[in-house]
Amino acid sequence: MSTFEKILGLLPYKHPFLFVDEILSLDDESAVGSYTIKQDEFFLEGHFPGNPVVPGVILTEIMCQIGLVTLALHLMKVDGEAKILPAFTSANVDFLSKVVPTDKLIVESKKVYFRFGKLKCTVTCKKTDGTVVAKGELAGMVVKSEA
């Protein structure tokens with residue numbers, strides 16, 4: 001099992017709230033991964049009927065799962081036995097372009113700092129044609145769960 005597959009296996013999210021298809025690169029300074037918006041995503045049914053658009057809150061979640069949580073798991077060297085819970089602490093994101101079903105998104109994050117268990121990153125979310133759909137700064141913590 002590759003390091004990327006181990007990190008994917010440690011993510012506490014499950015369908016329909018798992019928004020990471022693959023990790024493309026991961027090191028102590030950055031993370032890159034992708035997610036493709038499926039036609040039948042639960043949030044598209046009501047946003048908007050007949051004209052589905054991915055809500056900004058979901059784009060932020062995609063950016064967090066790929067850009068923040070995978071990098072935090074790597075930096076904390078969490079093993080397969082530990083149960084973890086991500087705690088999102090802040091976001092400052094600009095939304096620049098519409099995302100629709102079947103769009104494949106590439107998320108790139110760069111560490112601003114990681115200290116006392118808190119990770120802050122700059123994060124950019126692009127379509128595969130290079131169109132930037134969202135960018136900003138995200139911060140959070142990953143804590144080990146007692147349960």
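The first residue in the sequence is number 1, and the count goes up from there. We use all heavy atoms of the structure for the numbers below, so side chains are in, but hydrogens, waters and symmetry mates are not.
- Under the 4.5 Å side-chain heavy-atom criterion for grouping Ile, Leu, Val, Met, Phe, Trp and Tyr, I37 is not connected to V53 through any hydrophobic cluster.
- With contacts defined as side-chain heavy-atom distances shorter than 4.5 Å, the pair Q65/L18 qualifies.
- Both L71 and Y13 belong to a single network of hydrophobic side chains, linked directly or stepwise wherever heavy atoms of I, L, V, M, F, W or Y lie under 4.5 Å apart.
- Using cut-offs of 30° and 60° on the angle between ring planes, the pair Y35 and F19 is perpendicular.
- Residues F114 and M76 form a side-chain contact, since some pair of their non-hydrogen atoms from C-beta on lies under 4.5 Å apart.
- Residues forming a side chain to side chain donor-acceptor pair (under 3.5 Å) with K135 (at least two apart in sequence, or on another chain): none.
- No side-chain donor from either of T122 and E137 sits under 3.5 Å from a side-chain acceptor of the other.
- Contact annotation: the side chain of V133 never approaches that of L96 to less than 4.5 Å [non-hydrogen atoms, C-beta and beyond].
- Using a distance-only test at 3.5 Å, with no hydrogens or angles considered, no donor-acceptor pair links the side chain of T36 to the main chain of K104.
- Note: the hydrophobic cluster containing L24 does not contain F4 (ILVMFWY, side chain heavy atoms under 4.5 Å, direct or indirect links).
- A salt bridge links K38 and D21; the closest N-O separation between the charged side-chain nitrogens and carboxylate oxygens is under 4.0 Å.
- Among all heavy-atom pairs drawn from A72 and V142, the shortest one is CB-CG2, 3.5 Å.
- Two residues are said to be in side-chain contact when any heavy atoms from C-beta on lie closer than 4.5 Å; V107 and V32 fail this criterion.
- No side-chain heavy atom of V69 sits under 4.5 Å from any side-chain heavy atom of F88.
- Under the 3.5 Å distance criterion, the side-chain polar atoms of E108 are left unmatched by any main-chain donor or acceptor of S30.
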